[in-house]
**Q** 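Got a structure here, written out as structure tokens. Questions coming.
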Amino acid sequence: MTEFTIGQTVKIIGKTMTGNVGTVVHLDEKRQKYLVRISDLTQNYFFADELEQF
């Protein structure tokens, strides 16, 4: 699971937070989810198919 790398800018295309752009800050390999930081106060975990390169 290496679709995205830490520090990469991504756009969210999933059901939640759709259209937001953020930065991948962590990869949880056990859960197969990426932590994406949108702002200083907003971040969430997403599966790879909920993200696209920006």
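What you see is a predicted model, and the numbers here were worked out from it, not measured in a lab.
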**Q** For the atom pair CG (Asn44) and CZ (Arg37), what is the distance rounded to the nearest 0.5 Å?
**A**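 Asn44 CG to Arg37 CZ: 12.0 Å, rounded to 0.5 Å.
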**Q** Is the backbone N or O of Phe47 less than 3.5 Å from a side-chain atom of Glu50, with the two atoms forming a donor-acceptor pair by type?
**A**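 Looks like yes, one N/O pair under 3.5 Å.
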**Q** Check side chain to side chain contact (heavy atoms under 4.5 Å, CB included) between Ile13 and all other residues, then give those that pass, not counting sequence neighbours.
**A**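 Only Glu52 meet the side chain to side chain contact (heavy atoms under 4.5 Å, CB included) criterion with Ile13.
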**Q** So which heavy atom on Glu3 is nearest to which on Gln8, and how close?
**A**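 Smallest interatomic distance, heavy atoms only, reads O-OE1, 4.3 Å.
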**Q** Which residues end up grouped with Tyr45 if you chain together Ile, Leu, Val, Met, Phe, Trp and Tyr wherever their side-chain heavy atoms are less than 4.5 Å apart?
**A** Val25, Leu35
**Q** Could you give all pairs that pass the side-chain hydrogen bond (donor to acceptor under 3.5 Å, both in side chains) test and reach residues 11-24, with sequence neighbours left out?
**A**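 Residue pairs with at least one partner in residues 11-24: there are none.
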**Q** Kindly say whether the aromatic ring centers of Tyr34 and Phe46 come within a distance under 6.0 Å.
**A** no
**Q** Should Thr5 and Val24 count as side-chain neighbours, where that means a heavy-atom distance under 4.5 Å?
**A**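 The answer is no; the side chains never approach within 4.5 Å.
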**Q** Connecting only ILVMFWY residues whose side-chain heavy atoms lie within less than 4.5 Å of each other, what is the rest of Leu41's hydrophobic cluster?
**A** none
**Q** Which heavy atom of Ile38 sits nearest a heavy atom of Met17, and at what distance?
**A** CG1-CE, 3.6 Å
